[in-house]
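Start at 1 and go down the list; that is how both ligands and their atoms are numbered.
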Amino acid sequence: MAVLMSMLATLGLLLFPLNSAVEVKRPQGVSLSNRHFYDETKPFTCLDGSKTILFDEVNDDYCDCKDGSDEPGTSACPNGSFHCTNAGHRPRYIPSSRVNDGICDCCDTTDEYNSGASCENTCKEQGRKEKETLQKMAEIAKEGFRLKQQLIEEAKRSREDKQQTLTELQKKKEIWEAEVESLKVVKEAAEKPEQEAKEIHKKAWDEVQAVRKLEKDKAKASETFKELDDNEDGFVSTSEIQTHPELDSDADGVVSEQEAESVLGGVSQVDVSSFQETVWAGIQDKYKSEAVIESPAPPEIPVDEAEDSHPKPQHEEWRKDDHDEDDDGGGEEHDDDDDEEDEEEEEEDDGGEEDYKDQPATYFPEKQDAEEDKMPAYDEETQALIDAAEKARNEFSEAEKSLQEVENSIGSLEKELTIDFGADGEFAYMFNQCYEMTTNEYVYKLCPFNKVAQKPKHGGSETSLGLWGSWAGPESNKFSAMKYEHGTGCWQGPSRSTLVKLSCGKETAVLSTSEPSRCEYLMEFSTPAFCQEESDGEGTDHDEL
Ligand code: MAN
């Protein structure tokens, strides 16, 4: 039977379905274009030229040629190809092993001419469907291409606008540069007298403080003198010194007469003025006032209350005040906030003083010092100079800020103008835009010419899948793919990167995302900017018959 069938096949009798348009005689499985190699009046030479056989041996179900070309219509050669004509649809080759294998491969049913498989000719239907699809695609391409023309026009206009904006910004930059320069001069001119006036104020204040300190020292010395002069004879003597164990210089537990004499500068007694001038400076660090020793401890404050800001052991607060008000800041910081703070502190201080008003004055030395140490406000003239300098500083820094803003705008515009937005700038419209696609796990974001990112759908931070790198299509079609590189590093791997493949579509959208290999992502992205003008004649595929 097989032999009979192969004979029939050789004769071309099984070739054509009933609805074929034109009958062209050729062996089973041979394409129209190869038909001339199979001339039944001549011996057949294998297509690779390796052998010549009798024409009867073509399709005789025995493989003679190495390239399988003698058995195009049987499955005898393992490497043979069977050609389906598929009239009404698209011709195709199938491996000849599929011939008569019981499965319909060719839509015209010709591959199953001897298997008994009941195949239905679906070429017309398939051809119709494909035609419809192709028509739809052509319509999309046509519409897309029309949109692309608009995008190109838009890009041209926007580029011109941007170039004009850039020129204007460059002019503005020059103006701001000059402004900054002149405001700098004004500022420096205002700061000089400000500085001088502040220094004068500070110097005067330092002098006042120095005098006060001297006076305080003197008063303290005379107070101490009174304390030491137990017998009130107008002299402090060695025996009176000896009652103060803290003055025991050799730390043997007693202040000997010699030690006391040495404290007094080698004499046995001193009057008040000698005490002030020579003795006091030598003992003031060690000396313990009898008032402190004898007076009761200040009332105890519970720990949590003490931690509160009010009331607190006042000397602690004042020590803090001392810090706050140190340097020459006292007069300088005369804005409203500081005044408020000062007032608040004043209130606290007053309250605190109430609680301790019955205590001896020696409990409050820091408080007194703090108040006295505070540099008084600047005089009107100095303050006016400070205000003027402050105004000049503000104007200068405002101008600097404006210059910086202009420079930033120039920078980003220049950067944008250097990006390759396609042969006619057709991709420019997507700059500064982002397109998203959500999968089961992630939201993917493509911001063309900027970045690609991935964010877990149910919370978590964004992972960079790459920053704009370059166009990555083949040389003949450079704008068909984009490469984004140097994204977040992949654990024990390279940094993440994404290849974006472009296709023509009426909409601009991410069509799919995938991760073909770990941390290497692939996106399909449609845009009208990728649509090409339709070539005349629809497609290259055509029916053979
Ligand atoms: C995250 C995502 C994935 C990626 C792994 C690699 O889970 O960025 O896409 O494959 O990290 O560790």
Between Lys184 and Glu400 (salt bridge meaning N to carboxylate O under 4.0 Å), is one present in this structure?
no
Write out the protein residues near ligand 1, meaning a non-hydrogen atom under 4.0 Å from one of its atoms, in order of chain and number.
Tyr442, Gln454, Arg496, Glu515, Arg518, Cys519, Tyr521
Could you tabulate the donor-acceptor pairs under 3.5 Å formed by side-chain atoms of residues 418-428, not counting sequence neighbours?
{"from": "Thr418", "atom 1": "OG1", "to": "Lys415", "atom 2": "O", "distance (Å)": "2.7"}
{"from": "Asp420", "atom 1": "OD1", "to": "Gly422", "atom 2": "N", "distance (Å)": "3.1"}
{"from": "Asp420", "atom 1": "OD2", "to": "Lys478", "atom 2": "NZ", "distance (Å)": "3.1"}
{"from": "Glu426", "atom 1": "OE1", "to": "Asp424", "atom 2": "N", "distance (Å)": "2.7"}

Phe82: which residues meet the ring pair (Phe, Tyr, Trp, His ring centres under 6.0 Å) condition with it, sequence neighbours left out?
none
Is it true that a side-chain atom of Gln532 and a backbone atom of Phe530 form a donor plus acceptor pair closer than 3.5 Å?
yes
Could you pull out all donor-acceptor pairs under 3.5 Å where a side-chain atom in residues 496-512 meets a protein atom, sequence neighbours excluded?
{"from": "Arg496", "atom 1": "NE", "to": "Tyr521", "atom 2": "OH", "distance (Å)": "3.3"}
{"from": "Arg496", "atom 1": "NH1", "to": "Thr488", "atom 2": "O", "distance (Å)": "3.1"}
{"from": "Arg496", "atom 1": "NH1", "to": "Gly489", "atom 2": "O", "distance (Å)": "2.9"}
{"from": "Thr498", "atom 1": "OG1", "to": "Leu465", "atom 2": "O", "distance (Å)": "2.9"}
{"from": "Thr508", "atom 1": "OG1", "to": "Tyr429", "atom 2": "OH", "distance (Å)": "2.6"}
{"from": "Ser512", "atom 1": "OG", "to": "Glu524", "atom 2": "OE1", "distance (Å)": "2.6"}

For Ser480 and Pro474, which heavy atoms make the closest approach, and how far apart are they?
OG-CD, 3.6 Å
